[in-house]
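Presented below is the structure to which this report refers.
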Amino acid sequence: MERPRPVRDLSWPTEKARDLGARALSLWGDFLEKLPSLPVSRSWKGRDLARELELRIPDAPASLDDVMGTLKKLLFETSMYPGHPRFMAYVTGPGTIPGAIADLIAATLNANVGGYRLAPAATEMEQFLTRWFAQELFGLPTGAGGIMVSGGAMANFVALKAARDKTMGYHVREQGVAAPLADPSAAEGTDTIDHVAWYASAEVHAVVDRAADMLGLGSAIVRKIETDATGRMDIMKLRAAILQDLASGIRPVLAVGTAGTVATGAVDPLDEIADTCKLHNMWFHVDGAYGALAVLSPELRPLFRGIERADSIAFDPHKWLYTPHSGGCVVVRDLQRLADSFAVHATYVKDDKERTGNGIDQAMLGPQFSRGFQALKVYLSLLAHGKDAYACRIAQDCALARWLGHVVDAHPELEQGGEPGLSICCFRYVPVGTEHLTDREAYLDRLNEQIMNELQAGGRAFCSNAVLGGRFMLRACIVNYRTEAEDVEALATAVVDLGRKLDRENRQN
Ligand SMILES: *Cc1c(COP(=O)(O)O)cnc(C)c1O
């Protein structure tokens with residue numbers, strides 16, 4: 001046969017790579033410079049976005065000018081900006097500057113962080129980082145550690161899988177959840193999936209239900225415990241629910257404490273939940289996807305007392321460490337729990353660790369096999385900014401939510417929906433002269449929803465909503481190091497302007 005000749009179309013000369021890189025970095029600089037003066041978002045109504053993007057797959061290569069044109073269009077014409085100072089919606093961070101560079105370098109190395117021998121330095125960095133989070137930051141004991149995953153949803157899933165297998169018996173991994181469970185206290189074969197229960201507050205994030213579903217347990221296993229007026233789990237109601245289940249022969253196996261609810265930023269009484277878990281030999285999981293990283297701030301840390309007693313914690317660097325999407329993290333009290341729950345044996349990854357000196361293969365600690373180098377953007381951001389800057393900025397986000405509350409209170413047409421929790425402020429527009437409207441509350445719900453939709457399409461500022469006590473509230477959540485007082489004030493002003501306009505239009509008709 002003929003010896004294959006080189007095919008180098010994909011292997012660009014370094015000069016061409018540098019050219020594209022330099023142009024892209026220059027565009028990146030332009031973007032950072034212009035970001036505050038761009039609209040936060042644009043209206044897509046009536047726009048054929050796919051056509052504007054000129055999406056196509058050519059046979060022949062596009063020119064570098066064309067490639068740059070695509071990036072420019074993406075950056076400046078067809079996107080909305082979670083990194084904009086006036087973006088205050090959901091729990092979505094802006095992305096860090098060192099994190100963006102880290103992603104470029106991570107992609108350059110292209111480490112496959114599933115196996116140690118494919119990614120020795122990346123594995124060491126991820127394991128160092130997750131141990132640091134677990135032990136230094138959250139106060140879990142030696143032996144605690146974890147892995148990085150795509151986000152909070154996956155972090156909760158991984159933790160809850162480890163919990164399922166530990167509390168129901170590791171034979172479930174092979175035999176499934178329909179198999180009789182291994183509970184030493186139950187008569188053999190009598191304890192089945194119908195006889196275990198999880199507990200979480202009524203404000204728990206829907207991903208916990210979905211994890212129960214994905215784990216074959218069904219979301220009905222999650223008992224929803226009522227919250228108090230501030231949105232924290234009512235601990236007396238938790239105890240009562242557990243006793244009631246025990247009385248009907250159901251075994252309580254797990255409780256979730258939410259450290260920062262998405263609606264109002266409430267932190268469950270973690271220490272009390274830990275007491276209850278200890279009493280009944282239950283797994284204590286903390287969903288801290290939004291709030292847990294606030295332990296970095298000495299003033300906020302006391303809110304999280306008891307987090308150090310958790311069996312597992314899910315949290316999101318892409319939220320309150322502001323790092324680029326995506327990157328969540330799960331840590332467990334004993335790293336062995338992840339290996340017990342996820343290790344599998346693939347014949348093609350044989351490795352004599354004694355002989356090679358290789359460290360752990362992180363593919364054995366979670367559901368992914370090939371894994372990206374997500375730890376770099378988190379590590380590099382912490383390195384380049386330092387812990388103190390984070391402590392200070394997280395506290396600032398919370399101060400800004402309180403400042404927005406103050407601005408709202410001072411305005412006759414704005415009404416706050418309870419005290420701000422963490423960095424969330426909920427409020428609504430209430431026009432003057434609506435006191436005697438029939439169906440007033442329903443009208444205010446509709447009006448505020450209209451305000452949110454116009455605000456999101458308009459580009460002056462961007463917030464989302466929460467439903468509190470059945471009422472539609474505008475909700476600003478600040479996990480954004482670019483936001484300052486003038487930005488939250490601009491949000492309030494934009495809401496009042498839109499509220500007046502929409503109320504006039506509504507009530508003319
Ligand atoms: C954001 C959030 C999640 C989901 O996390 P993702 O990173 O969006 O997957 C789960 N729980 C809470 C409390 C959250 O705030």
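Indexing begins at 1, ligand by ligand and atom by atom, following the structure's order.
Of all the atoms in ligand 1, the ones that sit under 4.0 Å from a non-hydrogen atom of G260 are 13 (C). Near G151, the atoms of ligand 1 lying under 4.0 angstrom from a non-hydrogen atom of the residue are 7 (O), 9 (O). With ligand atoms numbered from 1 in the order given, ligand 1 contributes 4 (C), 5 (O), 6 (P), 9 (O) to contacts under 4.0 Å with heavy atoms of A153. Close contacts between ligand 1 and V262 involve ligand atoms 14 (C), 15 (O) [criterion: under 4.0 Å to a heavy atom]. Below 4.0 Å from some heavy atom of K319 lie the following atoms of ligand 1, by number and element: 1 (C), 2 (C), 3 (C), 4 (C), 5 (O), 14 (C), 15 (O). Atoms of ligand 1 found under 4.0 Å from any heavy atom of V207, numbered from 1 in the order shown, are 10 (C).
Here K34 pairs with nothing under the salt bridge (Lys or Arg N to Asp or Glu O under 4.0 Å) rule; sequence neighbours left out.
Ring centers of F133 and F128: at least 6.0 Å apart, outside the cut-off.
Listed by first and then second residue, the salt bridge (charged side-chain N to carboxylate O under 4.0 Å, His left out) pairs that reach into residues 224-235 are D209-K224, E226-K237, D234-K237, sequence neighbours excluded.
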inquiry  = Between F315 and F138, is the ring-ring contact (aromatic ring centres under 6.0 Å, His included) condition met? List the steps.
reply    = CA-CA 11 Å; F315 60 100; F138 296 126; 5.0 Å; yes

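Looking only at heavy atoms of the protein, atom 11 (N) of ligand 1 is closest to D287 OD2, 2.7 Å.
Put simply, no part of G328 is less than 4.0 Å from ligand 1, judged by heavy atoms. No heavy atom of M154 sits closer than 4.0 Å to any atom of ligand 1.
At a threshold of 4.0 Å, the pair E77-R47 does not count as salt-bridged, since none of the basic side-chain nitrogens sits closer than that to a carboxylate oxygen.
Side-chain atoms of D268 come within 3.5 Å of backbone atoms of T258 as a donor-acceptor pair (strictly under, hydrogens ignored).
For the atom pair D275 CG and R239 CZ, the distance stands at 7.5 Å (nearest 0.5 Å).
Considering backbone and side-chain N/O of G152, one or more are found under 3.5 Å from N/O of ligand 1. For a threshold of 3.5 Å applied to N or O pairs, the pair formed by D316 and ligand 1 contains at least one separation below that value.
For the residue pair N156/H285, the side-chain donor-acceptor check at 3.5 Å is satisfied.
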